[in-house]
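Convention: sequence-line order gives letters A, B, ...; per-chain numbering from 1. What you see below is based on every heavy atom in this structure, not just the backbone, and it leaves out hydrogens, waters and symmetry mates. It should be emphasised that the depicted structure is a prediction, and the values quoted were computed from it without experimental measurement.
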Amino acid sequence: MDLPTLLSAHDLECARGERTLFTGLGFGLEAGRLLLVQGGNGQGKTSLLRLLTGLATPAAGEVRWRGEPIRRARERYHREMAYVGHANGIKEEFTPLENLRLEAGLAGRALDEAAAAQTLSGLGLARCLDLPARVLSFGQRRRVALAALLTAGALLWILDEPLTGLDVHGVALVEELLRDHLAAGGMVVMTTHQPLTLDGVQVQKIRVGDWAPAARR
Amino acid sequence: MLRFAAPLETREEDASSSSLRFLLTVIRRDLLLAARRRGDWLTAQFFFVMVVSLFPLGVGPEPELLRRIAPGVVWVAATLASLLSLTRLFADDHRDGSLEQMLLSPEPAVLLTLGKAAAHWLIYGIPLLIVAPVLGIQFALPWDAVGVLVLSLALGTPILSLLGAVGAALTLGLRGGGVLLTLLILPLYVPALIFGAGAVDGVISGTGAEAHLSLLGAFFVLSLILTPWVSAAALKVSLE
Amino acid sequence: MSINWYKYASPATFYGLAGRLIPGFAWAAAVLAAAGLYIAFFLAPTDFQQGEAYRVIFIHVPAAWMGMFIYLVMAFWSAVGLAFNTRLSFMMARALAPTGAMFTFVSLWTGALWGKPMWGAWWVWDARLTSTLILLFLYVGIMALWAAIDDPRRGDRAGALLTIVGAINVPIIYFSVKWWNTLHQGASVKPSGTSMDEVMLAGMLVMAVAAWFYSIAVAFARVRRIILERERHTDWVNAQLERA
C-alpha cells in the first residue's frame, strides 16, 4: 500500500543573520515514518524544525502539509501538528495537571481532569500531579511536556532533542511512545544527540550540513 | 500493545466556540498566574501610589495647586505603572517556551494578543481604578471630579494595555528591553494622557468632561480594533 | 510600455543607479541652497512686524516640512516592505530616518530661535511644536529599536511596524494637542497673520526643494552603505570592492 506524502519541504533556504545555514533543502515524509534530522551544532537543525512548525518563515522555498503551503493551511496544520522545543512550555507556577489542561484550552480543545491525570500517570508522574512544576526535576518537566504532546492528539510530532534530561527509563519511554505513534500511522520529525533504538521503524535521515551553501558549490 | 496511541482524528468542533475557549483560556491563565505571584502585582500597585504621593512632597501642600495638577499627576503615574508591568507581558512566556506553544495553536494570534492585553488590564488596570479615588481625595479633588477621574481611567487604561502590548511584542527578548519599551510607547500614549487628564480638568474648570471622554472612547475603540493585529504581527517578527 | 520595477527593487541594481544619481542631487541641493539663502538674506524684505529675526523661517519652515514628510515616506516604504517583502524598501526606511530626525530637530531648534522674538518665549506648548517634539521622540524610538535588534530581518520588520503605528498616531497626537492647547491657553500664541511676500515665498520654496534634493542624496548614500553591509557576502559586492 502506498502511503501518501503528507509533509514535504521544497527548496528551503534558511538564513540566520547574515549567514545562510542551508539552501535548496527538500524532502517528503509519508504517514507512519520518522525523519531524523542530523547535523553538528549550529548547522541549523533547530532552525529547520522551526521552519517546519511555521514559527519561522524560510528565506526561500516552502513547507507543504497535505500538498498545501502551511502559510495558507495554517489553521489545519497547527491542529494536526504538535511541537516540543528546547524549552518545555511548562509554567513553573502551575501543577502538571493545570499545565496540561491549560495547554489543551490554548489549542481550543477541552480536556477533562481524569484524562489529563491518566496521561500523566502513564508517563510516571502519578505522584507529582498536584505539585507546582517549579519543584519538579528537569526530567520530570520534560515528561510533562511529552504528556502535553500526547493529549494534543496530533498526527505530526516535531521534537527538538526530546531525550535531553531524561534518564534511562525516560529514554525507553520516549522510544515506546514513538513506536506506538508511528505504528498508529503518526509521523515524527526529530533531532537527537543520543542513540535511539527503534526496531521495526522506518527511519528516514536528513543531514542539514549537506545543504550548506559551501558544500553545494 | 498501543498503550499511548492518541486519537489521530481531531474532533470537529464549532470554530467560534473553540476560538472563545482559546481567548478565555489566555485570560484565565494570566489571572491564575498573577494570583500565584501576588508579589509582582502588589509592587505595581504600590509603585502607582508612591509616584502620585511624591508630588505633594515636591510641589508643596497647597490644596489649590494640588487640585490643578492632580489629573495630570494621576494619569502620568498610571502610564508609568502600566509600562512597569508591560515589560513582562510576553517575556515570561517567551522564556519558558509557552509563547511558542500559544502561537502554534490553530487559533489566530490576534486572539492571543487581545487576550493578553485584556488580562493585563484586568490585573493591573482595574486596581488603579479602585485606588484612584483615594488619591483624588488626597489631592483635594471635588467628588464629581473624582468620579470623572475613575471614568477616564476606566476608558483609558485599556488603551495603555493595548498599545503597550505592541511595544512589549516589539521589544521581546532584546537587551535593555524595558527602557526601550518606555521610549517606544510613551509618545503613543500622549492622546490618552491628554484626553484622560483633560476630562478631569474639564470638570474642575467647569467646561465639562463629555467631549474629552467621547474622544477618549473613540481612541479606545480605535486601539481595540487595530493594536491586537499589530501586536500579533510584532510577536511573529520577534520570534523568528 | 511597462517598466520592470522589480529590476530596480533589487539591491544590486539600485546600488549602481543610486551611485550615478547622488552627485546630481547633491549638486542641485548645494546650488539651490545657496540661491535660497541668497534670497533669504539679500532679496527678501525686512518684515515690518518681526524685523530681521523672521529670516530664520527660511530654514525653519522647509525643515519642518521635511521632518514630517520624511516620516510619511518612511511609513510608505515600511508598508511596501511588509506587503511585498522587498528588502530595498526596508533599507530605504532605515536610510531616511536619521535625515528625518535631523530635520525635525532643526525645525524645533530654529522654532525656538524664532519663538523668542515672536512670542517672547523659547518654547510654547503649541500644537505644532508639541507634535513635532513627539515626532522627534518617534524617530528616536524607531532608531533605538533598530539599534537594539541585531538580526537585520527582524529589525526591518519591527521598525516598520512601529513606523506605521506612529504614522497612524501622529495626526491623532496633532489634533489632541491642538485641542488641548486651545482649551488651555486660547489662541494667544498664533503667529501674526501677515500676508506673505512673493519673494519670501519663492525663497522658502527654493529652500524646500534644496532640502528635498539633500535628503535624497543623503538617503541614497546611506542606502548604498546599508546595501554593501548587508550583501557583503555576495559575489557582486566582492567584485565591487575589488574594483575599488
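- For I90(A), the part lying near chain B is the backbone, with the side chain staying farther off; criterion is any non-hydrogen pair under 4.5 Å.
- Heavy atoms of other residues, nucleotides or ligands lying less than 6.0 angstrom from CG of N41(A) number 12 at most.
- With a 4.5 angstrom heavy-atom cutoff, S47(A) does not touch chain B via any of its atoms.
- We find the CG-CZ distance between L102(A) and R28(B) to be 5.5 Å, quoted to the nearest 0.5 Å.
- Atom CD of Q118(A) has 12 or fewer heavy atoms from other residues, nucleotides or ligands within 6.0 Å.
- Heavy-atom distances place the backbone of R95(B), and not its side chain, under 4.5 Å from chain A.
- For residues 72-110 of chain A, the ring pair (Phe, Tyr, Trp, His ring centres under 6.0 Å) pairs, not counting sequence neighbours, are W65(A)-Y77(A).
- Contact of R29(B) with chain A is made through backbone and side chain together, with heavy-atom distances under 4.5 Å.
- Inter-residue side-chain proximity for L103(B) and L55(A) is flagged as met; some heavy-atom pair is nearer than 4.5 Å.
- No side-chain heavy atom of Q101(B) sits less than 4.5 Å from a side-chain heavy atom of L106(A).
- Around CZ of F138(A), the count of heavy atoms belonging to other residues, nucleotides or ligands within 6.0 Å exceeds 12.
- In this structure, chain A has heavy atoms under 4.5 Å from both the backbone and the side chain of E100(B).
- The distance from the CZ atom of R109(A) to the OG atom of S105(B) is 9.0 Å, given to the nearest 0.5 Å.
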TODO: Run the numbers on D92(B) and K91(A) for salt bridge (charged side-chain N to carboxylate O under 4.0 Å, His left out), then give the verdict.
DONE: CA-CA 9 Å; D92(B) 288 344; K91(A) 274 282 163 208; 5.5 Å; no
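- Within a 6.0 Å radius of CZ in R71(A), other residues, nucleotides and ligands contribute 12 heavy atoms or fewer.
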- [ ] Carefully, step by step, assess R134(A) and R36(B) under the rule side chain to side chain contact (heavy atoms under 4.5 Å, CB included).
- [x] CA-CA 12 Å; R134(A) 189 173 354 106; R36(B) 301 267 160 98; over 6 Å; no
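- With a 4.5 angstrom heavy-atom cutoff, L24(B) does not touch chain A via any of its atoms.
- The most heavy-atom pairs under 4.5 Å with chain B, out of E93(A), E92(A), E98(A), R76(A), come from E93(A).
- Proximity of a side-chain donor or acceptor of R50(A) to a complementary backbone N or O of L239(B) within less than 3.5 Å is detected.
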